[in-house]
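Here is the structure we will look at.
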Amino acid sequence: MTATLMVAVAIPVVNSFVVGSEVNAATGKKCSELVGLKIAANAIGLPTGGATVSSAVSASAGGAGNQAYGSHCLVSGDITPVDPAAPNIKFQLALPEKWNGKAAMLGGAGLNGSIPPLTNASNLWGSQKQPIPLSRGYAVFSSDSGHQNNAGEHPAAFGANQEALKNYAGDALKKTRDVAMELIRSHYGRAPAKSYFIGYSKGGGEALAVAQRWPADWDGVVAGAPGWNVTGVALDGLKAAQAVAVPGAWLNEAKRHTLYAGALKACDALDGAKDGVISNARACETRFDPAVLRCPQGAETGDACLSDVQLAALKKINDPQSLAYVIGTGETSIPGHPVYLADHGGGVPDAVHKGMLTQLSVYGSTPPAFPPTPQMGVYLADGVIRHMIAKDPNFNTLMMDIPSGNGLDSRIEAHSALFSNNTDLSAFRKSGGKLLLWTGGAEPAARTSAHYYSSMQATMGPARVDSFARYYEIPGAQHGFSSAFHPEWDQLATLENWVEKGIDPANNIVVTDDAGVPGRTRPLCTFPSWPKYNGFGDVNNARSFTCTAR
C-alpha cells in the first residue's frame with residue numbers, strides 16, 4: 001500500500017551535506033568497482049547464503065524542486081537464502097556523490113514483493129513537497145522483503161515457504177541493513193554517523209520491528225500507521241469483509257458518503273469549529289448513532305439512507321470481536337474499524353487517489369466473494385489467512401469462524417508470533433533511539449496504534465516512554481488519501497532535529513492539508529490530545545487551535 005503525504009514543519013531542517021565524492025577516490029571503491037562484490041554470510045546478522053551485487057551504475061541527477069536529487073551510484077543485488085527453495089531478497093541502495101554521512105532505510109507496503117522506489121516518496125505516504133532522503137544526501141536503501149510478486153499468483157503465495165515468510169515478518173530488514181552497511185563502508189570508506197528508518201503501513205510495522213529487534217542499529221525510526229500486528233490486521237479485515245458479504249449489506253460509494261456526511265453533521269463542531277474535520281474522534285464515536293440514517297422500516301430505498309442489513313454490517317465492522325486464541329502482544333480480541341469516521345465515498349481530488357482510497361477501504365470497489373480479486377476489500381486479508389496461515393489455496397476465508405479460529409487457532413498464534421509484537425523498547429531507548437509514531441484518526445490503525453502506545457506505557461512506564469517516543473493521531477486522515485484532511489509534514493526532518501539537536505517535537509509541529517482545504521494548517525498534537533478551535537481567528541490557520549485532551 002503506497003500513497004502520498006506532503007510535508008510542512010515548524011522547526012529547522014538539519015542540513016549536513018558534508019562529505020563529497022572525493023572520499024570515494026581516497027578511501028573507498030568507485031561505483032563500477034562494486035559490481036560483483038560479495039558480502040560474506042558471516043557479515044550478516046541473521047543466517048543467509050551471503051549477498052552479491054549484480055549491478056552498480058552511475059545515475060544522473062533527477063527530480064524537481066525540493067525533491068531534486070544529485071548524481072548517485074545505484075546498487076542492486078541479491079541476498080541468497082539458506083533454504084534453496086526460498087526466494088532471494090532483492091535490494092537496492094543509492095549512494096549519493098554528495099553524501100551527508102548518514103543512512104536511511106525505507107519501509108515497504110502491503111505484502112511487499114517489490115522494492116520501494118528510492119527516488120520518490122510514494123512509499124513514505126508523504127514528503128512529496130519536501131526533500132526525499134536522497135535529496136538530502138542520504139545513502140538510501142530498501143528491499144522487496146524477500147520475495148517477488150509473480151503474475152497470475154496471489155501476492156501472499158510466497159508464505160508457503162517458511163524462510164520467505166520469516167523474511168517478510170522482519171528478518172529481511174536486518175539482512176538488508178547489514179548488507180547496506182557493508183556496501184556503504186566499501187564505497188565511502190566509513191560507516192554512517194546516523195541511521196534512520198522511515199515507514200508507513202506495513203513499513204510502519206517494519207519501523208517498530210527494527211526498534212524492537214535491533215535497537216542498536218538505528219538512531220531513530222518513523223512508524224506511520226503501523227501494521228505491527230499483521231495477523232490481527234488480517235483478522236479484522238476479514239471480519240469487515242464477512243460483514244458486507246451478507247446479501248444487501250455492501251455499501252456502494254454513494255451510501256458510504258451518506259454515512260460519513262451523517263457523522264460529520266453530528267461531530268464536526270465537537271472541536272469548536274465547523275471545518276469539515278472530525279477532530280474529537282473519541283467524543284464522536286460516543287455521540288454518533290448511525291441509526292439516524294435508517295431507511296423507512298429499515299428497507300433498502302436508495303442511497304440517501306441505510307437499511308437494517310447495512311446498519312448491522314457497519315456495527316459488526318466497528319465493534320471489537322473476542323477471540324478464543326491469543327495474538328499480538330497477548331490480545332484475545334480484535335478492535336474493529338472506526339468505520340463511521342472515514343469517508344470511503346467521494347470527494348478525493350483525482351482519479352488516482354480515488355482509486356487508491358477505494359482499494360484500501362474496508363469495502364473495495366466490488367462486494368467480497370471467493371476467491372477474491374484485487375478490487376475487493378478482503379483481498380490482502382484473505383491472502384494472509386489463506387496462504388500464510390491455512391496454507392490452503394482452497395480455504396474459503398469468507399466462511400471462516402473468526403472467534404474460534406476454525407481449527408486454525410494454533411496456526412494463527414504461531415503466525416502472530418513471527419511478527420514483532422513487543423512493547424518493551426527499553427533497549428532502543430537506552431541506545432538513544434527516538435520513535436515517531438503516528439496515524440490517521442479515521443483509519444483502522446488509529447485503534448491498533450493507540451493500543452500499541454498504551455501497551456508501551458503499561459510496560460515501560462509513561463515517563464520512560466515520554467523520554468524517547470511521540471505518538472500523534474491526525475484528525476481526518478485515513479489509510480490512503482483522505483477527502484477530509486490529508487496531512488503533510490516533514491517526518492525525517494522532525495526526527496533528525498530530535499535526535500541530532502535535541503528539539504522535542506511535542507506539540508510544536510504544524511501539518512498542512514492537501515485535500516479538504518489545500519494549504520490549511522493544524523497543530524500536530526501528541527496523543528491523546530487533539531486540536532481544538534480557540535473560538536477566534538482563521539479556522540484554516542494552526543495558530544487558531546490549541547492541543548487539548550478534553
Side-chain angles (χ1 to χ4, degrees), residues 1 3-5 125 200-201 204 224-227 233 236-237 239-241 243-244 249-268 270-271 275-290 293 303 306 310-311 313-320 334-349 353-365 376-378 380-381 438-450 472-487 513-516 522 530:
M1 306 173 194
T4 53
L5 171 92
W125 219 265
Y200 182 91
S201 192
V233 170
D236 232 337
K239 178 169 76 76
V244 296
W250 188 76
L251 274 66
N252 63 24
E253 187 174 304
K255 280 182 174 286
R256 299 171 208 170
H257 196 63
T258 293
L259 173 64
Y260 178 67
L264 200 61
K265 181 179 179 180
C267 303
D268 188 2
L270 293 178
D271 58 3
D275 55 1
V277 179
I278 300 173
S279 294
N280 192 349
R282 299 299 182 275
C284 183
E285 290 190 305
T286 300
R287 175 172 180 159
F288 175 60
D289 183 358
L293 303 172
D303 294 339
L306 303 175
Q310 290 161 351
L311 288 169
L314 290 169
K315 186 177 187 304
K316 183 175 181 180
I317 295 170
N318 178 76
D319 289 355
I334 45 179
H337 292 181
V339 69
Y340 305 135
L341 301 180
D343 183 7
H344 293 295
V348 293
H353 288 126
K354 185 173 182 178
M356 183 178 299
L357 174 61
T358 301
Q359 181 185 16
L360 296 180
S361 77
V362 298
Y363 309 101
S365 57
M376 298 174 185
V378 70
L380 297 182
W438 71 275
T439 190
E443 66 150 285
R447 293 180 180 176
T448 57
S449 296
Y472 308 100
E473 192 173 289
I474 305 176
Q478 58 193 60
H479 206 85
F481 201 90
S482 171
S483 64
F485 192 95
H486 190 64
D513 185 13
D514 193 46
R522 289 288 183 274
W530 45 273

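Computed from a predicted model, the values in this text were never measured in an experiment.
Side-chain contact check for Asp343 and His257: at least one donor-acceptor pair (N or O, by modelled atom type) lies under 3.5 Å.
Taking the six-membered ring for Trp and the full ring otherwise, Trp438 and Tyr200 have centroids separated by under 6.0 Å.
How far CH2 of Trp530 is from CZ of Arg282: 11.5 Å, rounded to the nearest 0.5 Å. In this structure, the separation between CD on Glu443 and CD on Gln478 is 8.0 Å, given to the nearest 0.5 Å. In this structure, CG on Leu264 lies 8.5 Å from SG on Cys284, to the nearest 0.5 angstrom. Atom CG of Leu270 is separated from atom OG of Ser279 by 9.5 Å, given to the nearest 0.5 angstrom. Taking CH2 of Trp250 as the reference point, atom CD of Gln310 lies at 10.5 Å (rounded to 0.5 Å).
With a 4.5 Å cut-off on side-chain heavy atoms, Leu380 and Val233 do not count as touching. Within the 4.5 Å cutoff, side-chain heavy atoms of Leu259 are placed close to those of Leu293. Looking at heavy atoms from C-beta onward, Ile334 lies out of side-chain contact with Pro320 at the 4.5 angstrom threshold.
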TODO: Please test Val244 against Met376 for side chain to side chain contact (heavy atoms under 4.5 Å, CB included), starting from the C-alpha separation and ending with a verdict.
DONE: CA-CA 11 Å; Val244 296; Met376 298 174 185; over 6 Å; no

- [ ] Test Cys267 against Asn280 for side chain to side chain contact (heavy atoms under 4.5 Å, CB included), laying out the working first.
- [x] CA-CA 8 Å; Cys267 303; Asn280 192 349; over 6 Å; no

Open item on the list: Does His337 form a side chain to side chain contact (heavy atoms under 4.5 Å, CB included) with Asn318? I'd like the steps, not just the answer.
Closed with: CA-CA 5 Å; His337 292 181; Asn318 178 76; over 6 Å; no

Open item on the list: One pair to check against side chain to side chain contact (heavy atoms under 4.5 Å, CB included): Tyr363 and Val339. What are the steps and the verdict?
Closed with: CA-CA 10 Å; Tyr363 309 101; Val339 69; 3.3 Å; yes

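Scanning all heavy atoms of the two residues, the minimum distance from Pro475 to Ile278 falls at CB-O, 3.7 Å. Residues Lys239 and Ile317 come closest through the heavy atom pair NZ-O, 3.3 Å. What you find for Glu285 and Pro338 is that their closest heavy atoms are OE2-CB, 3.6 Å. Here the shortest heavy-atom pairing between His486 and Ala515 reads CB-CB, 3.7 Å. Residue Pro290 comes nearest to Leu311 through the heavy atom pair O-CD2, 3.5 Å, listed as atom of the first residue, atom of the second, then distance. In terms of heavy-atom proximity, Thr448 sits nearest to Pro335 at CG2-CG, 3.9 Å.
Between Asp275 and Arg522 a salt bridge is recorded (basic side-chain N to carboxylate O distance below 4.0 Å). With respect to the salt-bridge test (charged N to carboxylate O, under 4.0 angstrom), the residues Glu473 and Arg447 do not qualify.
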